[in-house]
Amino acid sequence: MIELKNMSVNLGIFSAVRGVDLVIKPGDRIGVVGESGCGKSMLALSIMGMVPDALSTVGSLIVDGQELIDAPESTWTAHRARTMSMIFQEPMAALNPLRRIGDIVAEPLLVHDGLGKSAARARVIDLFTEVGIPQPELRLRQYPHELSGGQRQRVLIALALACNPRLLIADEPTTALDANVALRITDLLVELAQERNMALLFISHDLGAVSRATRDILVMYGGDIVERGTTQQVLQEPAHPYTQGLIAARPQISQTATRRKRLPTIAGSVPALINLPKGCRFSGRCPRELAKCASTRPRAVTTDQGSTVMCHLFEGGTAQ
Amino acid sequence: MGYFLFRRTVGLFLTLFAVSIVVFASMNVLPGDPAITILGIESTEDARAVLREQLGLDEPVLGQYFAWIFNALQGDFGVSYSYGVPVSELIGERIPMTLSLAFSGMALTTTLALFLGISAASYHKKPGDWGVMLLSQLGIAIPAFWLSMLLVLLFAVKLRWLPPGGFPGWDEPLSAMRSLILPTVALALVQSAVLARVTRSSALEVIRLDFVRTARASGFSKSRVLWRHVLPNALIPIVTIVGLQFAALVSGTIVIENVFYLPGLGRLIFQSISNRDLFTVQALVMMFAIIVVLANFLVDIAYVLIDPRLKGRSN
Amino acid sequence: MTLRQLPANLIIGAILVILVLGVALLSTIWTPYDHAALSISNKFQGPSFAHLLGTDQLGRDVVSQLMVAAGNSMVVAVTAVFIGGTIGTMLGLLASAKGGWVEDLVMRLSDLGFAFPALLFAIMLAAAFGPSLPNVVIAIAFINIPVFARVSRASANQIWTREYVFAARAAGLGKIAISRDHILPNIAAPVIVQATIEFALAILIEAALSYLGLGAQPPSPSWGRMLSEAQTLMYLAPQLAVYPGLAIVTAVLGFGLLGDGLRDISDPRLARER
């Protein structure tokens, strides 16, 4: 359905996303994890055709057999909402504050599906029910600032689902929410994806949410997909040193509750785009760095366990 | 909302009261004898005394003020010294002219400004943006009356498409509209230059907000996103300026009516000054000030209508 | 900051302003002809070496008139903005220093001031005292008071929260002394920027008022009156309606751009948006 081949997002000579290959099929639930600034959101925006003007997208991005890499805005607007749709991190900011939520969700129905006012209204009520907004008839006339954070995110999901997209991209959908609300939103997304046979690209730095929501996972660092595989495999037996660091740095309830052990962290922080190393992006922060890492970009290698790793340590077959 | 309206309305009346004092004071209390102003320095003291008595100027100032207000509230602004008819009658005859000019000017101003400002914002940092900014910078520097003269030179003197001035009255709607074209354009071009800048910078603020991204992700066309999502959110500063501009526009009609010889309030006020017709000037200045204050009052109300979030706060 | 880094509007504005001010200054010591000298036999001459922009309906030299008018226009703008700016800034400082009901009163009064467009106020004065140039100055100064009161109060309120002001208060300095020694120097930048922009507006208003006959009285030339005289001669000598207008645009554009440019360099946050 959607296929990225060697696709990069460049700012001048620098890459925010570097040579990514990715296939998304109906019903796929793919998680994308990594620290802030590792290219997750840029990858999502490129699939929506919404990369900021200053950046350019190169390589191949095929949607339903059609090459869209240099497609004009009008081609993209025809796909958005109907082929792919997206929800964002900050649900308050992502909703137009001057409009009633009923009108917000009805707009794509009126514009894209050509529904009449009353038909659109009925459809909005259905959508609100589907995403779990109680008393939808009463809510229609409310403004975003009158809702709770979780309700706003549900409205945003209803809006994204209005025209039955085949891919829903959720960019950090739960980051701004309370923990238990976040859980329910995560489950709702999974449920909706299964019911509608809709693909879900779930971007998050919350490994718990990702493991709950997705079957497959991409670990991104510095614009590269450094490791990919089934969610279960990658999270249980991480191969790439970066993935291992990510998982080790994750707080565990048992740990924090009993012993106040200091949380292991990955040394340093994600370098700015212009300071990224040429070879493996993780070199410089990697605890198991080899001599060639900084200069040579590793190939993607499939491990015995079935995940794919981009790391010199695995180029001989298994970890050395 | 009810309390908010109440507070604003009380504020409105207090302002109008203060305005009336300023107008009255500057005409009557400031050093200067209206009788001399009207009759000229060469007049005899006897003639001045008679006139003062006629005009009620020999009474205590406070009494004069309250008499003026009391009568004005009943629509009686006194009798025009130079025309010999009630001032209210003079105003009634001319007000349609001025209001048609002001409203058509405002309509053209807003349309032009929103279009230019939003286009400039959507082409931010590209040639289209620079072009609009350059034009508006120039537009702000051009005096409306000079622009009027240039328009007359081109369209009336050279091309002879439109009349150079005058107004036939609304009994002939077509030629009335024709004679309103140039004055309207002259009024609107300059004002829209200011408003276009405000629109542009306000739209640029909004364009970066997250919900604009949501709208784009919903597959709406660029123009729909700009006009239906960005513009309404950019309106608050725009409406503020529109309110101020309506004031500028109304006082602009004074100049424009004189350039095009249009029989409206602006020309009347000007003729009244030449005729030293104090009561008429006083009434007209008060009228104009009321229009300005009212426009700002309406802007305050408009804020709440535009932004539902303000409703809770203002109560 | 080198010349190259200065914003374009500042440079262009400065050039235009220097041009206009230069001409205005020059006119006080030298003009090609006496601006008021009549020469009916020479009326309506086209541009020539003798009269660079030709002559008007009374045979007066247009260049000389434009130059003297520039001087008049600058004098009106400088005086009016200076008076209005000084009173307004003092009121703003007072409001900010005193706070409470004083601040409220000053702000409400400045609201009131906004109810009177300059034109209206000048008309009122002209009706009461007869038209004259001082009335124009008073009217423009008057409408500038609330503008400067607002700008200076808003800026001053920010300065009052600074550490060095607290230090000065702790040292026992009175509010008046602090306003003079610490607040005023620190709000000078926004006030000067505002003054430059108000200058441009003052030139426009002066032109409109003298166009209406409420400003400078003959024989003292002004751009506005030159235009009103040219209007009656539009079919005979359309060029006379062009030069004074260009002069006004040059002056207003110059001060407007200069003001924008000054604001850009004094507040870089705004500059990025423009």
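Numbered from 1 within each chain, the chains take letters A, B, ... in sequence-line order.
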Inset, instruction - Hey, could you give me the OG1/CZ distance between C/Thr196 and C/Arg263, rounded to the nearest 0.5 Å? - result: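 The OG1 atom of C/Thr196 sits 10.0 Å away from the CZ atom of C/Arg263.
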Any side-chain donor paired with an acceptor under 3.5 Å for [X] and [Y]?
X	Y	answer
B/Tyr83	B/Gln271	yes
B/Arg197	B/Ser136	yes
C/Ser222	C/Tyr211	no
C/Asp260	B/Gln137	yes

Inset, instruction - Please look at C/Ile203 and chain B and tell me whether the side chain, the backbone, both or neither of the residue comes under 4.5 angstrom of a heavy atom of that chain. - result: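 Contact with chain B: none, neither part.
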Legend entry - Interchain contact, C/Ala200 with chain B, by part (heavy-atom threshold 4.5 Å):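 For C/Ala200, there is no contact with chain B at all, as no heavy atom is under 4.5 Å.
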Just so I understand: if I count every heavy-atom pair under 4.5 Å between each of [options] and chain B, which residue has the most?
options	result
C/Ala207, C/Ala230, C/Ala251, C/Gly256	C/Ala207
C/Leu109, C/Thr250, C/Val249	C/Val249
C/Ile248, C/Val242, C/Leu201	C/Val242

Inset, instruction - Apply the side-chain contact (heavy atoms from CB on, under 4.5 Å) test between B/Ile254 and each candidate in B/Leu268, B/Ile269, B/Leu265; give the one that qualifies. - result: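 Filter result, single survivor: B/Ile269.
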Inset, instruction - Name the member of B/Ile142, B/Val293, B/Leu153 that forms the most heavy-atom pairs with chain C at distances under 4.5 Å. - result: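 Counting heavy-atom pairs under 4.5 Å, the top option is B/Leu153.
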Legend entry - Option in B/Val259, B/Leu150, B/Ile140 with maximal non-hydrogen atom pairs under 4.5 Å from chain C: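 Maximum pair count with chain C is reached by B/Val259.
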Inset, instruction - Measure B/Val250 against the heavy atoms of chain C and call it side chain, backbone, both or neither at under 4.5 Å. - result: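 No part of B/Val250 comes within 4.5 Å of chain C.
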Inset, instruction - Could you tell me which portion of B/Phe145 (side chain, backbone, both or neither) has an atom closer than 4.5 angstrom to a non-hydrogen atom of chain C? - result: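 For B/Phe145, side-chain heavy atoms alone lie under 4.5 Å from chain C.
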Inset, instruction - Measure across C/Val81 and C/Ala195 and return the closest heavy-atom pair with its distance rounded to 0.1 Å. - result: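 In this case the closest contact between C/Val81 and C/Ala195 is CG1-O, 4.0 Å.
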